[in-house]
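Residues take their numbers from the sequence shown, with the count starting at 1.
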Amino acid sequence: MTHRLDPFLVAAGGFIGAMLRYGVDAAVPGVGGTLAVNVLGSFALGALLAVVRTHRVRIFLGTGLLSSFTTYSTFAVQTTALGPTWGLANVGANYALGFAAALLGLAVGRSLQ
């Protein structure tokens, strides 16, 4: 069910997430920064799903902030530029660490309840 405020919550969260993403990229440019935001975002989304039940907070943080903070497009471009060997390593690292972080976030979130 869509609420009237949802687009504004997504936009506000998206702005904050994009600014945070820019800050990480400035501090840790390149593949390392992309890996960091994807792993941190996976952890945060796992914790969010375990803890937050409010629709508006989930839309603001999950759909807005975290979707702008994490990045698939940059990950795809960087992976392609790395070539076959390092590209495959980058894919493995992003997916393995992302899944592990999401599971850890879910566990941490559940333990806080």
Point to revise | Other cluster members, Val77 - Ile/Leu/Val/Met/Phe/Trp/Tyr, side-chain contacts below 4.5 Å | key: none
Point to revise | Cluster companions of Leu82 among Ile, Leu, Val, Met, Phe, Trp, Tyr (side-chain spacing under 4.5 Å) | key: Val31, Trp86
Study note, to complete from the structure: Nearest heavy-atom contact between Val39 and Ala101 is O-CB, 3.4 Å
Check your understanding: Do you know the tightest heavy-atom contact between Gly62 and Leu45?
Key -> CA-CD1, 4.2 Å
Check your understanding: Any chain of hydrophobic side-chain contacts (each under 4.5 Å) joining Tyr22 to Leu65?
Key -> no
**Study point:** Ser68 side chain to Gly17 backbone, donor-acceptor under 3.5 Å
**Key:** no
Review point. Does one hydrophobic cluster hold both Val28 and Leu40, with members joined at side-chain heavy-atom distances below 4.5 Å?
Key: no
Which donor-acceptor pairs under 3.5 Å do the side chains of residues 91-99 make with protein atoms, sequence neighbours left out?
| unit_1 | atom_1 | unit_2 | atom_2 | d |
| --- | --- | --- | --- | --- |
| Asn94 | OD1 | Asn38 | ND2 | 3.0 |
| Asn94 | ND2 | Asn90 | O | 3.0 |
| Asn94 | ND2 | Asn90 | OD1 | 3.1 |

Point to revise | ILVMFWY network linking Leu61 to Phe15, side-chain heavy atoms under 4.5 angstrom | key: yes
Revision key, fill the gap. Rounded to the nearest 0.5 Å, the NE2 atom of His55 sits from the NE2 atom of His3 at a distance of 3.5 Å
Exercise for review: For the residue pair Thr70 and Phe75, establish whether any side-chain heavy-atom pair is separated by less than 4.5 Å.
Suggested key: no
Check your understanding: Leu49, Val51: one ILVMFWY side-chain cluster at the under-4.5 Å cut-off?
Key -> yes
Study note, to complete from the structure: One should read off an interatomic distance between Ile59 CD1 and Phe8 CZ, to the nearest 0.5 angstrom, of 14.0 Å
Practice item. Enter the distance from Arg21:CZ to Thr74:OG1 here, rounded to the nearest 0.5 Å. Key: 5.0 Å
Practice item. To the nearest 0.5 angstrom, please state how far the CZ atom of Arg58 sits from the CG atom of Leu9. Key: 14.5 Å
Review point. When rounded to the nearest 0.5 angstrom, what distance separates CG in Leu103 from OG in Ser42?
Key: 10.0 Å
**Study point:** CZ on Phe69 to CG on Leu20, rounded to 0.5 Å
**Key:** 6.0 Å
